[in-house]
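Note sheet for the following structure.
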Number of protein chains: 2
Amino acid sequence: MDQTPPPPAPFEGFACFSVYAAGLAFNRVYKRLLDRFGLTYPQYLVLVALRGTSGRTVGELGDALFLDSNTLTPMLKRMETTGLVARNRDSVDQRVVRVSLTEQGAQVAQELTCIPHDVTVASGMTPEALSALEASLNVLTQHLRNSA
Amino acid sequence: MDQTPPPPAPFEGFACFSVYAAGLAFNRVYKRLLDRFGLTYPQYLVLVALRGTSGRTVGELGDALFLDSNTLTPMLKRMETTGLVARNRDSVDQRVVRVSLTEQGAQVAQELTCIPHDVTVASGMTPEALSALEASLNVLTQHLRNSA
DNA sequence: TGCGATTAAGTCGGGTACGATATATATTGC
DNA sequence: GCAATATATATCGTACCCGACTTAATCGCA
(Lines give C-alpha, C1' and ligand atoms only; values in the text may rest on other atoms or scores of the structure.)
Protein backbone atom coordinates (compact mmCIF):
# COMPACT_ATOMS: atom_id res chain seq x y z
CA MET A 1 0.00 0.00 0.00
CA ASP A 2 2.99 2.27 -0.33
CA GLN A 3 1.22 4.85 -2.39
CA THR A 4 3.43 7.85 -1.73
CA PRO A 5 2.85 10.26 -4.57
CA PRO A 6 5.69 10.75 -7.04
CA PRO A 7 8.24 13.30 -5.89
CA PRO A 8 6.64 16.69 -6.45
CA ALA A 9 8.89 18.05 -9.18
CA PRO A 10 6.65 19.83 -11.65
CA PHE A 11 9.40 22.05 -12.96
CA GLU A 12 10.98 19.91 -15.65
CA GLY A 13 11.39 22.05 -18.71
CA PHE A 14 11.62 25.21 -16.66
CA ALA A 15 15.19 26.31 -17.18
CA CYS A 16 14.43 29.33 -15.04
CA PHE A 17 13.74 27.05 -12.12
CA SER A 18 17.04 25.24 -12.56
CA VAL A 19 18.78 28.61 -12.44
CA TYR A 20 16.77 29.60 -9.40
CA ALA A 21 17.49 26.33 -7.60
CA ALA A 22 21.18 26.47 -8.46
CA GLY A 23 21.28 30.00 -7.09
CA LEU A 24 19.73 28.88 -3.82
CA ALA A 25 22.16 25.97 -3.60
CA PHE A 26 25.16 28.19 -4.30
CA ASN A 27 23.98 30.62 -1.70
CA ARG A 28 23.88 27.91 0.94
CA VAL A 29 27.34 26.64 0.07
CA TYR A 30 28.72 30.17 0.21
CA LYS A 31 26.97 30.84 3.48
CA ARG A 32 28.79 27.92 5.00
CA LEU A 33 32.13 29.13 3.65
CA LEU A 34 31.63 32.83 4.40
CA ASP A 35 30.05 32.70 7.83
CA ARG A 36 33.39 32.68 9.59
CA PHE A 37 34.21 35.96 7.85
CA GLY A 38 30.84 37.43 8.75
CA LEU A 39 30.18 37.94 5.05
CA THR A 40 27.19 37.36 2.84
CA TYR A 41 27.55 36.27 -0.76
CA PRO A 42 26.83 39.71 -2.29
CA GLN A 43 29.28 41.25 0.17
CA TYR A 44 31.85 38.71 -0.95
CA LEU A 45 31.26 39.79 -4.54
CA VAL A 46 31.85 43.41 -3.54
CA LEU A 47 35.17 42.53 -1.93
CA VAL A 48 36.23 40.62 -5.04
CA ALA A 49 35.18 43.50 -7.26
CA LEU A 50 37.17 45.98 -5.17
CA ARG A 51 40.27 43.84 -4.94
CA GLY A 52 43.17 45.44 -6.72
CA THR A 53 41.43 48.77 -7.17
CA SER A 54 41.40 51.92 -5.13
CA GLY A 55 37.99 53.45 -5.29
CA ARG A 56 35.18 52.28 -7.50
CA THR A 57 32.03 54.33 -7.66
CA VAL A 58 28.72 52.89 -6.49
CA GLY A 59 27.57 52.99 -10.09
CA GLU A 60 30.55 51.00 -11.32
CA LEU A 61 29.97 48.40 -8.65
CA GLY A 62 26.35 48.27 -9.71
CA ASP A 63 27.34 47.70 -13.33
CA ALA A 64 29.64 44.88 -12.28
CA LEU A 65 27.11 43.23 -9.96
CA PHE A 66 23.94 44.06 -11.90
CA LEU A 67 22.59 45.90 -8.87
CA ASP A 68 21.31 49.41 -8.28
CA SER A 69 22.04 51.92 -5.54
CA ASN A 70 18.85 50.99 -3.72
CA THR A 71 20.44 47.61 -3.03
CA LEU A 72 24.07 48.66 -2.85
CA THR A 73 23.88 51.69 -0.59
CA PRO A 74 22.53 49.88 2.47
CA MET A 75 24.87 46.96 1.86
CA LEU A 76 27.93 49.21 1.53
CA LYS A 77 26.93 51.03 4.70
CA ARG A 78 26.81 47.73 6.55
CA MET A 79 30.24 46.88 5.18
CA GLU A 80 31.45 50.31 6.25
CA THR A 81 30.13 49.61 9.74
CA THR A 82 31.96 46.30 9.88
CA GLY A 83 35.14 48.07 8.77
CA LEU A 84 35.62 46.40 5.39
CA VAL A 85 35.18 49.36 3.06
CA ALA A 86 35.40 53.14 3.11
CA ARG A 87 32.93 55.42 1.34
CA ASN A 88 34.05 58.87 0.26
CA ARG A 89 32.52 61.54 -1.93
CA ASP A 90 34.56 62.22 -5.02
CA SER A 91 36.26 65.57 -4.58
CA VAL A 92 35.72 66.58 -8.21
CA ASP A 93 32.14 65.35 -8.66
CA GLN A 94 30.38 65.51 -5.34
CA ARG A 95 27.53 63.34 -6.59
CA VAL A 96 29.80 60.33 -6.80
CA VAL A 97 30.67 58.07 -3.89
CA ARG A 98 33.88 56.12 -4.19
CA VAL A 99 34.14 52.82 -2.38
CA SER A 100 37.48 51.31 -1.48
CA LEU A 101 38.80 48.51 0.69
CA THR A 102 40.09 49.40 4.12
CA GLU A 103 43.26 47.76 5.30
CA GLN A 104 41.13 45.20 7.08
CA GLY A 105 38.99 44.73 3.98
CA ALA A 106 42.06 44.10 1.86
CA GLN A 107 43.26 41.63 4.48
CA VAL A 108 39.97 39.75 4.38
CA ALA A 109 39.87 39.86 0.58
CA GLN A 110 43.29 38.25 0.65
CA GLU A 111 42.08 35.45 2.89
CA LEU A 112 39.17 34.78 0.55
CA THR A 113 41.34 33.58 -2.28
CA CYS A 114 40.79 29.96 -1.31
CA ILE A 115 37.01 30.23 -1.69
CA PRO A 116 36.77 29.65 -5.47
CA HIS A 117 38.67 26.39 -5.11
CA ASP A 118 36.41 25.22 -2.29
CA VAL A 119 33.33 26.09 -4.32
CA THR A 120 34.64 24.28 -7.36
CA VAL A 121 35.11 21.18 -5.24
CA ALA A 122 31.60 21.52 -3.81
CA SER A 123 30.20 21.84 -7.32
CA GLY A 124 31.50 18.38 -8.15
CA MET A 125 32.21 19.48 -11.69
CA THR A 126 35.40 19.80 -13.66
CA PRO A 127 36.71 23.31 -14.30
CA GLU A 128 35.99 22.71 -17.98
CA ALA A 129 32.36 21.80 -17.36
CA LEU A 130 31.94 24.82 -15.09
CA SER A 131 33.49 27.01 -17.71
CA ALA A 132 31.13 25.74 -20.38
CA LEU A 133 28.17 26.24 -18.07
CA GLU A 134 29.33 29.75 -17.31
CA ALA A 135 29.61 30.64 -20.98
CA SER A 136 26.17 29.28 -21.68
CA LEU A 137 24.66 31.20 -18.77
CA ASN A 138 26.36 34.40 -19.87
CA VAL A 139 24.77 34.10 -23.30
CA LEU A 140 21.41 33.46 -21.67
CA THR A 141 21.79 36.43 -19.33
CA GLN A 142 22.72 38.72 -22.17
CA HIS A 143 19.64 37.68 -24.12
CA LEU A 144 17.36 38.09 -21.13
CA ARG A 145 18.74 41.55 -20.47
CA ASN A 146 18.35 42.56 -24.10
CA SER A 147 14.74 41.42 -24.17
CA ALA A 148 13.71 44.21 -21.81
CA MET B 1 43.00 61.03 -23.07
CA ASP B 2 40.07 58.66 -23.05
CA GLN B 3 41.40 56.47 -20.31
CA THR B 4 38.16 54.95 -19.08
CA PRO B 5 39.08 51.79 -17.21
CA PRO B 6 38.13 48.47 -18.79
CA PRO B 7 34.54 47.40 -18.01
CA PRO B 8 34.57 46.25 -14.39
CA ALA B 9 33.91 42.54 -14.87
CA PRO B 10 36.16 40.74 -12.39
CA PHE B 11 33.99 37.66 -12.23
CA GLU B 12 35.24 35.61 -15.14
CA GLY B 13 35.74 32.09 -13.92
CA PHE B 14 33.12 32.46 -11.22
CA ALA B 15 30.36 30.14 -12.37
CA CYS B 16 28.47 31.08 -9.22
CA PHE B 17 28.30 34.65 -10.44
CA SER B 18 26.93 33.59 -13.80
CA VAL B 19 24.22 31.68 -11.99
CA TYR B 20 23.55 34.66 -9.75
CA ALA B 21 23.40 37.08 -12.68
CA ALA B 22 21.16 34.77 -14.70
CA GLY B 23 18.86 34.51 -11.70
CA LEU B 24 18.63 38.29 -11.44
CA ALA B 25 17.97 38.57 -15.18
CA PHE B 26 15.27 35.88 -15.08
CA ASN B 27 13.66 37.61 -12.15
CA ARG B 28 13.39 40.86 -14.08
CA VAL B 29 11.92 39.17 -17.14
CA TYR B 30 9.39 37.37 -14.97
CA LYS B 31 8.55 40.55 -13.11
CA ARG B 32 7.61 42.15 -16.39
CA LEU B 33 5.45 39.18 -17.38
CA LEU B 34 3.87 38.60 -13.97
CA ASP B 35 3.14 42.14 -12.85
CA ARG B 36 -0.23 42.21 -14.53
CA PHE B 37 -1.21 39.17 -12.46
CA GLY B 38 0.10 40.76 -9.28
CA LEU B 39 2.42 37.77 -8.88
CA THR B 40 6.06 37.43 -7.92
CA TYR B 41 8.26 34.73 -9.39
CA PRO B 42 8.18 32.48 -6.31
CA GLN B 43 4.42 32.88 -6.16
CA TYR B 44 4.26 31.87 -9.78
CA LEU B 45 6.21 28.73 -8.94
CA VAL B 46 3.72 27.92 -6.19
CA LEU B 47 0.81 28.20 -8.59
CA VAL B 48 2.57 25.93 -11.07
CA ALA B 49 3.36 23.43 -8.33
CA LEU B 50 -0.25 23.38 -7.19
CA ARG B 51 -1.72 23.09 -10.66
CA GLY B 52 -3.49 19.80 -11.13
CA THR B 53 -3.37 18.89 -7.46
CA SER B 54 -5.79 19.37 -4.65
CA GLY B 55 -3.88 20.06 -1.52
CA ARG B 56 -0.15 19.87 -1.13
CA THR B 57 1.34 20.28 2.30
CA VAL B 58 3.65 23.17 3.07
CA GLY B 59 6.45 20.65 3.43
CA GLU B 60 5.81 19.13 0.02
CA LEU B 61 5.83 22.58 -1.54
CA GLY B 62 9.08 23.27 0.26
CA ASP B 63 10.61 20.08 -1.12
CA ALA B 64 9.55 21.07 -4.63
CA LEU B 65 10.76 24.66 -4.36
CA PHE B 66 13.78 24.05 -2.09
CA LEU B 67 12.31 26.41 0.48
CA ASP B 68 11.46 26.11 4.15
CA SER B 69 8.36 27.09 6.09
CA ASN B 70 10.03 30.28 7.28
CA THR B 71 9.88 31.47 3.68
CA LEU B 72 6.73 29.71 2.54
CA THR B 73 4.35 30.49 5.38
CA PRO B 74 4.40 34.27 4.95
CA MET B 75 4.26 33.91 1.17
CA LEU B 76 1.31 31.52 1.29
CA LYS B 77 -0.47 33.85 3.67
CA ARG B 78 -0.02 36.68 1.20
CA MET B 79 -1.40 34.46 -1.54
CA GLU B 80 -4.30 33.54 0.71
CA THR B 81 -4.99 37.24 1.24
CA THR B 82 -5.01 37.85 -2.50
CA GLY B 83 -7.40 34.94 -2.92
CA LEU B 84 -5.19 32.59 -4.91
CA VAL B 85 -4.80 29.72 -2.47
CA ALA B 86 -6.58 28.20 0.52
CA ARG B 87 -4.78 26.91 3.60
CA ASN B 88 -6.44 24.22 5.69
CA ARG B 89 -5.26 22.03 8.51
CA ASP B 90 -5.26 18.36 7.61
CA SER B 91 -8.12 16.71 9.47
CA VAL B 92 -6.13 13.57 10.22
CA ASP B 93 -2.80 15.16 11.17
CA GLN B 94 -3.47 18.57 12.63
CA ARG B 95 0.19 19.55 12.33
CA VAL B 96 -0.07 19.61 8.55
CA VAL B 97 -1.39 22.51 6.52
CA ARG B 98 -2.70 21.66 3.06
CA VAL B 99 -2.50 24.32 0.41
CA SER B 100 -4.76 24.26 -2.62
CA LEU B 101 -5.75 26.57 -5.42
CA THR B 102 -8.95 28.53 -5.05
CA GLU B 103 -11.20 28.80 -8.06
CA GLN B 104 -9.59 32.14 -8.81
CA GLY B 105 -6.14 30.65 -8.30
CA ALA B 106 -6.92 27.85 -10.75
CA GLN B 107 -8.19 30.45 -13.19
CA VAL B 108 -4.99 32.48 -12.91
CA ALA B 109 -2.87 29.34 -13.15
CA GLN B 110 -4.67 28.57 -16.37
CA GLU B 111 -3.89 32.00 -17.78
CA LEU B 112 -0.21 31.54 -16.94
CA THR B 113 0.30 28.72 -19.41
CA CYS B 114 1.66 31.14 -22.00
CA ILE B 115 4.46 32.32 -19.72
CA PRO B 116 6.97 29.52 -20.44
CA HIS B 117 6.77 30.26 -24.14
CA ASP B 118 7.31 33.97 -23.58
CA VAL B 119 10.29 33.24 -21.36
CA THR B 120 11.80 30.86 -23.87
CA VAL B 121 11.56 33.59 -26.48
CA ALA B 122 13.15 36.11 -24.12
CA SER B 123 15.97 33.67 -23.41
CA GLY B 124 16.94 33.77 -27.07
CA MET B 125 17.95 30.13 -26.92
CA THR B 126 16.62 27.05 -28.62
CA PRO B 127 14.58 24.63 -26.51
CA GLU B 128 17.38 22.13 -26.99
CA ALA B 129 20.01 24.51 -25.66
CA LEU B 130 17.80 25.41 -22.71
CA SER B 131 17.21 21.75 -22.01
CA ALA B 132 20.94 21.03 -22.01
CA LEU B 133 21.57 23.98 -19.73
CA GLU B 134 18.84 22.79 -17.40
CA ALA B 135 20.31 19.30 -17.18
CA SER B 136 23.75 20.67 -16.46
CA LEU B 137 22.42 22.98 -13.76
CA ASN B 138 20.47 20.16 -12.16
CA VAL B 139 23.63 18.10 -11.85
CA LEU B 140 25.40 21.09 -10.36
CA THR B 141 22.59 21.75 -7.89
CA GLN B 142 22.56 18.13 -6.79
CA HIS B 143 26.28 18.20 -6.13
CA LEU B 144 26.10 21.47 -4.23
CA ARG B 145 23.30 20.13 -2.08
CA ASN B 146 25.17 16.90 -1.39
CA SER B 147 28.28 18.78 -0.33
CA ALA B 148 26.55 20.08 2.79
C1' DT C 1 -0.78 4.15 29.31
C1' DG C 2 2.17 7.87 29.37
C1' DC C 3 5.92 10.72 28.43
C1' DG C 4 10.11 11.94 25.92
C1' DA C 5 11.51 12.41 21.08
C1' DT C 6 10.23 13.69 16.60
C1' DT C 7 7.84 16.35 13.21
C1' DA C 8 5.18 20.32 10.83
C1' DA C 9 4.32 24.98 10.81
C1' DG C 10 4.98 29.38 12.40
C1' DT C 11 7.68 33.48 14.32
C1' DC C 12 11.54 36.62 14.52
C1' DG C 13 15.52 39.21 13.03
C1' DG C 14 18.89 40.40 9.59
C1' DG C 15 20.18 40.82 4.82
C1' DT C 16 19.37 41.10 -0.05
C1' DA C 17 16.40 42.74 -4.42
C1' DC C 18 13.70 46.24 -6.66
C1' DG C 19 10.03 49.84 -8.14
C1' DA C 20 9.07 54.46 -7.03
C1' DT C 21 10.57 58.53 -5.34
C1' DA C 22 13.64 62.17 -3.17
C1' DT C 23 17.83 64.96 -2.84
C1' DA C 24 21.86 67.05 -4.19
C1' DT C 25 25.15 68.07 -7.59
C1' DA C 26 26.57 68.83 -12.42
C1' DT C 27 25.68 69.99 -17.13
C1' DT C 28 23.23 72.17 -20.99
C1' DG C 29 20.82 75.51 -23.54
C1' DC C 30 19.61 79.94 -24.25
C1' DG D 1 24.40 83.76 -15.87
C1' DC D 2 20.81 80.87 -14.83
C1' DA D 3 16.77 77.99 -15.35
C1' DA D 4 15.74 73.34 -17.20
C1' DT D 5 17.53 68.97 -17.46
C1' DA D 6 20.33 65.08 -16.44
C1' DT D 7 22.99 62.26 -13.32
C1' DA D 8 24.60 59.84 -8.88
C1' DT D 9 23.15 58.34 -4.61
C1' DA D 10 19.96 57.70 -1.07
C1' DT D 11 15.38 56.54 1.01
C1' DC D 12 11.14 53.91 1.51
C1' DG D 13 7.97 50.08 1.17
C1' DT D 14 7.20 45.29 -0.14
C1' DA D 15 8.71 40.71 -0.80
C1' DC D 16 11.77 37.01 -0.61
C1' DC D 17 15.50 33.95 1.91
C1' DC D 18 17.42 31.86 5.83
C1' DG D 19 19.33 30.64 10.70
C1' DA D 20 17.54 30.11 15.15
C1' DC D 21 13.83 29.40 17.92
C1' DT D 22 8.87 28.40 19.39
C1' DT D 23 4.51 25.97 19.47
C1' DA D 24 1.51 22.34 18.78
C1' DA D 25 0.55 17.70 17.40
C1' DT D 26 1.94 12.98 16.72
C1' DC D 27 4.81 8.94 17.42
C1' DG D 28 7.46 5.40 19.77
C1' DC D 29 8.34 2.49 23.08
C1' DA D 30 9.21 1.14 27.83
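Every heavy atom of this structure was used, including side-chain atoms; hydrogens, water molecules and symmetry mates were not.
Here B:Tyr20 reaches the OP1 or OP2 of C:dA17: one of its side-chain N or O atoms lies under 4.0 Å away.
Across every non-hydrogen atom of B:Leu61 and B:Ala49, the tightest pair is CD2-CB, 3.8 Å. The minimum heavy-atom distance between A:Leu65 and B:Tyr20, with the atom names listed, is O-CE2, 4.0 Å.
Backbone-only contact: A:Val92 has heavy atoms under 4.0 Å from sugar-phosphate atoms and none from a base.
Between B:Leu34 and the options B:Asn27, B:Thr40, B:Leu39, B:Val29, a side-chain contact (heavy atoms from CB on, under 4.5 Å) holds for only B:Leu39. Among A:Asp90, A:Thr53, A:Asp93, the one residue that satisfies the side-chain hydrogen bond (donor to acceptor under 3.5 Å, both in side chains) test with A:Arg98 is A:Asp90.
Look at CG on A:Leu34: it is 13 Å from P on D:dG19, rounded to the nearest Å. Distance B:Arg145 CZ to D:dC18 C1': 13 Å, rounded to the nearest Å. Taking atom OH of residue B:Tyr30 and atom P of nucleotide C:dC18, one finds them 16 Å apart after rounding to whole Å. In this structure, B:Leu24 places its CG atom 12 Å from P of D:dC17, rounding to the nearest Å. Straight-line distance from the CG atom of B:Asp90 to the P atom of D:dA24: 19 Å, rounded to whole Å. Between the NZ atom of A:Lys31 and the P atom of C:dG15 there is a distance of 10 Å, rounded to whole Å. The distance between atom CG of A:Asn27 and atom P of C:dT16, rounded to the nearest whole Å, is 10 Å. One interatomic measurement links the two molecules: CG of B:Leu61 to P of D:dC17, which rounds to 14 Å at whole-angstrom precision.
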- Query: What string of B, S and - do you get for nucleotides 8-15 of chain D, 5' to 3', when a contact is any protein heavy atom under 4.0 Å?
  - Reply: SBBBB--S

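In this structure, A:Gln142 contributes its side chain and A:Val139 its backbone to no donor-acceptor pair below 3.5 Å.
B:Glu111 and B:Gln107 form a side-chain donor-acceptor contact under 3.5 Å, judged by distance and modelled atom types alone.
Under the 4.5 Å side-chain heavy-atom criterion for grouping Ile, Leu, Val, Met, Phe, Trp and Tyr, A:Met75 is not connected to A:Val96 through any hydrophobic cluster.
Toward the 5' end of DNA chain C, the nearer of the two residues B:Asp35 and A:Met79, judged by each one's closest nucleotide, is A:Met79.
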